[in-house]
Amino acid sequence: MYLSCMKHLVKEEQYQKTKAIVVKFGEPGGTGELLQKKLLERSDKTYNWVYDYWLEDMYLNQRLALPVNSNPAMVFPKQNFKDRKDSLRFAAHLITGVLEYKERIDTRVLPVDFARGQLAGTPLCMKQYYRLFNTYRLPGHKRDTLVIHKPGSTEQEYIIVACKNQFFVLDLVVNKKKLKEMDILTQLEKIVKMAENSEERQPPFGLLTSDGRTEWAQAREVLIKDSVNRESLAVIEKCLCVLCLDNPSGMEVGDTSRALLMLHGGGHEKMGANRWYDKPMQFIVGEDGVCGTVCEHSPFEGIVLVACTEYLMKFMTGSPSKMGRATSVSELPTPARLLWKTTPHIQGLLKASAERLQRLVRDLDMDVHKFEVYGKEFIKKQKMSPDAYIQVALQLAFYRCNGRLVSTYESASIRRFHEGRVDNIRSATSEALAFVKAMTDQKASLSVSHFSYLDPQLLGYSHYTVHHAITGLGIDNHLLGLREIAQELKMEMPEIFTDETYVASNQFILSTSQVPTTVEMFCCYGPVVPNGYGCCYNPQSDHLLFSVTSFHGSTETCSAVFIKALDEGLVEMRDLCRKSNKPQSSAAPAASKVAENNQGAGSKLPSTLPKTGK
């Protein structure tokens, strides 16, 4: 399967070399057989033999900064606040919804998710939900640690509120009583007033969490030498979530600018320091109506983020704000400002972090685009999977821009397995290459014959999705497991993992993810390689929403050019479908359900065959 995935993506000479390496690796009694035996032994001892390997390879070993490179964001509908107090009312109502959702998690009343589509009815692992509010990504010199606090712990009865780059503790339980919504609003108003006091203003320590992971780990070591800093860090690391109260950004408010503010805050000159990027759930409420959430991705996938944020959006619109009679203001303690001790060395670290964040902000090239010619209903009428159809359109756009196809990542949920996260659908197939070549052939005009390339690709893609990726039979996690076992045995790294083709297979120049929503919001994230694209898409009934990112520093990419090519390809594919007037296939309806099986907010990803569990 690995060879078939890569044959058309590398030169013939390189492919033949890789084929010989793979054959040797798989010989009876050879290295591959030994590693497979060890992997099977591991699977007998663990619920999920790939989970730890995958988590470290995908997230914890990565040294790049979390903003843009790793943390996805969900952009809420633009709010029309009358004034600052109106935005604080919204924030108080939002936090009330967060507390309600967390209570559903803690009391285990959250309904179990079930698979849809071809494997409908299979219960899905719910563990990712239980990591939304009780985890923290602790920076390390070589590897980060995902810290998991005990669910429902009394230690977590507070949130951190960021305002004007200052951090405050908002206790949610006072005198053994939970704060009502009006109480929360009162406390938020106090925090805003305290943040405006320039005499007590602390340095913008949130900037350190925007830095590379090794740089942040080194800075943290310096900080914790002082007990004041040590205590402030401990308080943040154990909080339920972070609420970021942003000032108006001064930017023209559109989909793209709102997405940028969610991903990186606009840098240290705007809201980039009013964040704590290690915390999985940060809710952002801007005075100018720019709202959303930015997430540390290692504890959970995009579908869990969607479920949580959709619950909150429906809570916000469906349940009236409960601003009834509040506890007497005198009974509520003043929220505590977190204090920091600084030195010239720490000031230098903050300045360096600010500069690196600003470089990242300048480098990100983002384009959020609504394709309004048609939506997923048109695609379904062609008896095709909207997700497969869009993936082919992305391949066509990339080929138009670059004259080749590349290793493509699309996340596919493997929550059918205990502790299952995601596998990788390699959508840059040989069928896709045949289709895009036919579509871009200057000598041929668009005709019904082109459809013969399109239809098998979509059905072939569906087969791979359903029967391999989401059932744990993809290649990436399996190869990752074999590679990690080799490292654990301290053996010389097998040639299959040092081969040029394997390196290319894991360079996901096109990193894609379908993140559909039922309410008006969208997800976005950055590219996973310097010369790549990040493409998150949200198919709706009458339109398709794309969030495309790349880096200005690469001469090979341009988000606006990619979007233009994508638009053109989608129109051509519609015209092709109309010309074909193909009879309804009996096999095709199953394909239209594939999209329901592969939802997630992605970045680069390995894949595999986790063990079925509870």
Side-chain angles (χ1 to χ4, degrees), residues 79 81-100 102 133 154-206 228-229 231-249 265 271 273-276 279 281-291 293 312 316 320-341:
Q79 303 299 310
F81 299 135
K82 297 189 293 288
D83 50 30
R84 185 59 186 257
K85 184 159 185 175
D86 205 18
S87 71
L88 296 183
R89 286 193 191 97
F90 179 91
H93 197 33
L94 177 67
I95 293 303
T96 304
V98 169
L99 297 179
E100 186 175 291
K102 183 177 183 294
F133 300 109
T154 54
E155 287 185 337
Q156 279 199 296
E157 291 178 337
Y158 64 92
I159 65 170
I160 294 296
V161 179
C163 185
K164 294 186 182 294
N165 305 338
Q166 310 293 289
F167 296 93
F168 301 86
V169 180
L170 197 167
D171 288 314
L172 301 169
V173 177
V174 176
N175 297 328
K176 298 183 180 179
K177 290 183 180 179
K178 291 182 181 178
L179 262 59
K180 296 182 176 68
E181 192 172 317
M182 190 65 193
D183 298 329
I184 295 172
L185 174 60
T186 299
Q187 297 297 73
L188 291 178
E189 289 177 319
K190 289 181 186 175
I191 285 170
V192 168
K193 194 171 182 180
M194 291 169 69
E196 289 170 352
N197 185 341
S198 58
E199 291 180 10
E200 295 182 21
R201 190 162 295 168
Q202 302 287 302
F205 273 77
V228 172
N229 296 336
E231 187 175 327
S232 291
L233 286 169
V235 170
I236 294 175
E237 289 163 11
K238 291 177 182 175
C239 75
L240 190 153
C241 64
V242 178
L243 171 65
C244 307
L245 302 177
D246 281 3
N247 291 332
S249 67
M271 304 300 139
N274 204 46
R275 306 280 186 270
W276 199 270
K279 196 63 191 171
M281 294 297 283
Q282 289 193 94
F283 296 97
I284 296 160
V285 178
E287 191 176 345
D288 54 5
V290 176
C291 303
T293 180
L312 294 174
M316 298 286 285
S321 180
K322 296 175 183 176
M323 292 292 183
R325 187 175 180 278
T327 308
S328 168
V329 177
S330 62
E331 294 175 18
L332 292 174
T334 302
R337 183 198 300 263
L338 292 183
L339 303 176
W340 306 95
K341 285 288 183 68

Please find the pair of heavy atoms, one from [X] and one from [Y], that lie closest to each other, and give the distance.
| X | Y | result |
| --- | --- | --- |
| Asn274 | Cys163 | OD1-N, 3.2 Å |
| Pro335 | Lys190 | CD-CD, 3.9 Å |
| Pro248 | Glu287 | CD-OE1, 3.5 Å |
| Gln282 | Lys279 | CG-O, 4.1 Å |
| Leu188 | Ala92 | CD1-N, 3.9 Å |
| Lys164 | Ala195 | CD-O, 3.6 Å |

Asp83: partners by side-chain contact (heavy atoms from CB on, under 4.5 Å), with sequence neighbours left out
Lys85, Asp86

For Glu200, check side-chain contact (heavy atoms from CB on, under 4.5 Å) against everything at least two apart and list the hits.
Asn197, Arg337

Heavy-atom neighbours of Glu231 CD exceed 12 at 6.0 Å
no

Is any side-chain heavy atom of [X] less than 4.5 Å from a side-chain heavy atom of [Y]?
| X | Y | value |
| --- | --- | --- |
| Arg89 | Phe81 | no |
| Gln202 | Leu339 | yes |
| Ile284 | Met271 | no |
| Phe283 | Leu312 | yes |
| Lys238 | Ile160 | no |
| Leu170 | Ile95 | no |
| Leu88 | Glu189 | yes |
| Leu240 | Val98 | yes |

For Arg201, what residues pass the salt bridge (charged side-chain N to carboxylate O under 4.0 Å, His left out) criterion, not counting sequence neighbours?
none

Side-chain donor/acceptor of [X] to backbone N/O of [Y], under 3.5 Å:
| X | Y | result |
| --- | --- | --- |
| Gln187 | Pro333 | yes |
| Ser87 | Arg84 | yes |
| Asp183 | Leu332 | no |
| Asp246 | Val285 | no |
| Asp171 | Tyr158 | no |

So the ring-ring contact (aromatic ring centres under 6.0 Å, His included) pairs with at least one residue in residues 171-190 (sequence neighbours excluded) are none

Reported [atom1]-to-[atom2] distance for the pair [X] and [Y], which is rounded to 0.5 angstrom:
| X | Y | atom1 | atom2 | value |
| --- | --- | --- | --- | --- |
| Ile191 | Thr186 | CD1 | OG1 | 11.0 Å |
| Met281 | Lys102 | CE | NZ | 12.5 Å |
| Leu99 | Glu181 | CG | CD | 10.0 Å |
| Lys178 | Ile184 | NZ | CD1 | 11.0 Å |
| Ile159 | Phe133 | CD1 | CZ | 10.5 Å |

Ring pair (Phe, Tyr, Trp, His ring centres under 6.0 Å) with Phe205: which residues, sequence neighbours excluded?
Trp340

Mind checking what makes ring pair (Phe, Tyr, Trp, His ring centres under 6.0 Å) contact with Phe167, not counting sequence neighbours?
Trp276

